[in-house]
Amino acid sequence: MNRWGKGLLIAALVGVVAMAFRVSWNALKDVATATGADETAATLYPFVVDGLMALALVATLVLTGDARRFALRVLAAYTLASLVLNYVHGLVPELHDKGVDWGRLADWDPANWALVLLATSLPVGSIYFGSDLVAKVLHHRPIEHPVTTPNQDQSAETYANRSTADLGVSTPAPITPPPAPAELEAAPVVSLVKSTDRVPAGVVAAESTRPRRATGRIPDAARSSRPTRTADQLLTEARSATADWSDRELTAEGIRRAVRTSPAKARVLRETLRAEREQSAGPGEVAA
């Protein structure tokens, strides 16, 4: 409902309540006069009864819990009391002409006593209950609810529907017997005597079938800058390097360091150079 419709509804309610108060005001004023109230008190008496009803109604809309139930009880009690007094005013025509005796609201004494007690106790009750309701309203703290957007409500509802739709009838899973244990293989017999068989020297190791990993191209910086030399070149370099060496200095280690070659080639060069020196020294000794 829009604001205009709400305003119209509240205006209509105020109009109905005002007209009902005016009707009840006449009856309550006559009852107050019959119980001994003066003109001013009789005029204010309807506001005491029906006014507390309006206050209790507002407190019912504001309060919650036990306080709200208390306001509803006060509203119901004063509504019933106003109804009884209006009913008595309709039954006793003398109240309209102000010809009734002071303090007589009914011919039967017990009923008269009860009605007079009810009419005179309503102002005192209005003071007590009205003060209590106002105190409860002033000390009331409304409960703050988290603000939810329509998208959140829709997502929560969708999640709930999805969760309930995914639920299926739970059926017990079939019980399967555990598999039988497999037979263990017999342990191999290990000989405690160390074998003395030796592999023959001519036996070649079995060629591995595992493919070799590709090492890639060797960078130029890692390669040797010196070209590979032939046996004759190594022998020529060894001759020039050891020309002034004595036989004692002609060793494989010295040749290896001088010509920068491997120990095996250095030993070959040493034997070759010694043989050449023996051959060159042989004819000289014969001629001498």
Side-chain angles (χ1 to χ4, degrees), residues 1-93 95-96 98 100 103 105-106 110-148 153:
M1 183 182 294
N2 53 16
R3 297 180 59 183
W4 186 84
K6 291 181 180 180
L8 182 60
L9 180 62
I10 294 174
L13 176 62
V14 171
V16 172
V17 171
M19 289 183 290
F21 176 77
R22 176 62 184 87
V23 175
S24 177
W25 180 81
N26 188 29
L28 294 178
K29 180 182 178 182
D30 292 341
V31 170
T33 303
T35 56
D38 58 5
E39 185 66 21
T40 304
T43 304
L44 297 177
Y45 186 81
F47 294 97
V48 173
V49 179
D50 294 342
L52 184 64
M53 291 170 55
L55 177 62
L57 179 60
V58 174
T60 303
L61 299 176
V62 175
L63 299 176
T64 57
D66 295 337
R68 183 173 182 271
R69 285 189 287 271
F70 174 75
L72 285 174
R73 293 191 186 100
V74 174
L75 176 61
Y78 269 72
T79 301
L80 181 61
S82 179
L83 175 62
V84 170
L85 295 181
N86 278 271
Y87 177 71
V88 171
H89 182 266
L91 289 178
V92 182
L95 292 176
H96 308 165
K98 298 181 183 181
V100 66
L105 295 178
N112 181 64
W113 298 337
L115 291 174
V116 171
L117 177 62
L118 175 64
T120 56
S121 63
L122 289 178
V124 180
S126 297
I127 297 174
Y128 174 76
F129 293 120
S131 301
D132 193 10
L133 290 175
V134 171
K136 290 181 182 298
V137 171
L138 294 179
H139 290 84
H140 175 67
R141 294 182 179 180
I143 300 175
E144 297 181 358
H145 297 281
V147 180
T148 56
D153 296 339

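What's counted below: heavy atoms across the whole structure, side chains too, no hydrogens, waters or symmetry copies.
Listed here is the closest heavy atom pair of L133 and A59: CD2-CB, 4.2 Å. Closest heavy-atom contact between A119 and P123: O-CD, 3.5 Å. The shortest heavy-atom contact between T120 and V116 is OG1-O, 2.7 Å. Nearest heavy atom pair, residue Y78 against residue L52, reads CZ-CD2, 3.2 Å.
In this structure the side chain of V74 never reaches within 4.5 angstrom of the side chain of L55, judged on heavy atoms. Taking the side chain as every heavy atom from C-beta outward, S82 and L28 approach each other to under 4.5 Å. The closest side-chain heavy-atom distance from W25 to D50 is not below 4.5 Å. Counting heavy atoms from C-beta outward, L115 and V84 have side chains that approach closer than 4.5 Å. Counting heavy atoms from C-beta outward, W4 and L8 have side chains that approach closer than 4.5 Å.
Cation-pi contact between K29 and Y45: absent, since separation from the ring centre below 6.0 Å together with deviation from the ring axis within 45° is not met.
With values rounded to the nearest 0.5 angstrom, D38 atom CG is found 9.0 Å from L44 atom CG. Note that CE of M53 and OG of S126 are 11.0 Å apart. Values are rounded to the nearest 0.5 Å. With values rounded to the nearest 0.5 angstrom, L75 atom CG is found 6.0 Å from L57 atom CG. Rounding to the nearest 0.5 angstrom, the gap separating the CG atom in L85 from the CG atom in D30 is 11.5 Å.
Each of L61, D132, L63 was compared with V137 under the side chain to side chain contact (heavy atoms under 4.5 Å, CB included) criterion, and only L63 meets it.
Below 30°, between 30° and 60°, or above 60°: for F129 and F70 the angle between ring planes is between 30° and 60°, a tilted geometry.
By the salt bridge (charged side-chain N to carboxylate O under 4.0 Å, His left out) test, D66 is found to be paired with R69, residues two or more places apart in sequence or in another chain being considered. In this structure, R68 has no salt bridge (charged side-chain N to carboxylate O under 4.0 Å, His left out) partners at least two apart in sequence or on a different chain.
Without hydrogens or angle criteria, H139 side chain to A135 main chain gives a donor-acceptor distance under 3.5 Å.
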Quiz prompt | H140 vs T64, side chain to side chain contact (heavy atoms under 4.5 Å, CB included): CA-CA, chis, key distance, verdict | solution = CA-CA 9 Å; H140 175 67; T64 57; 3.4 Å; yes

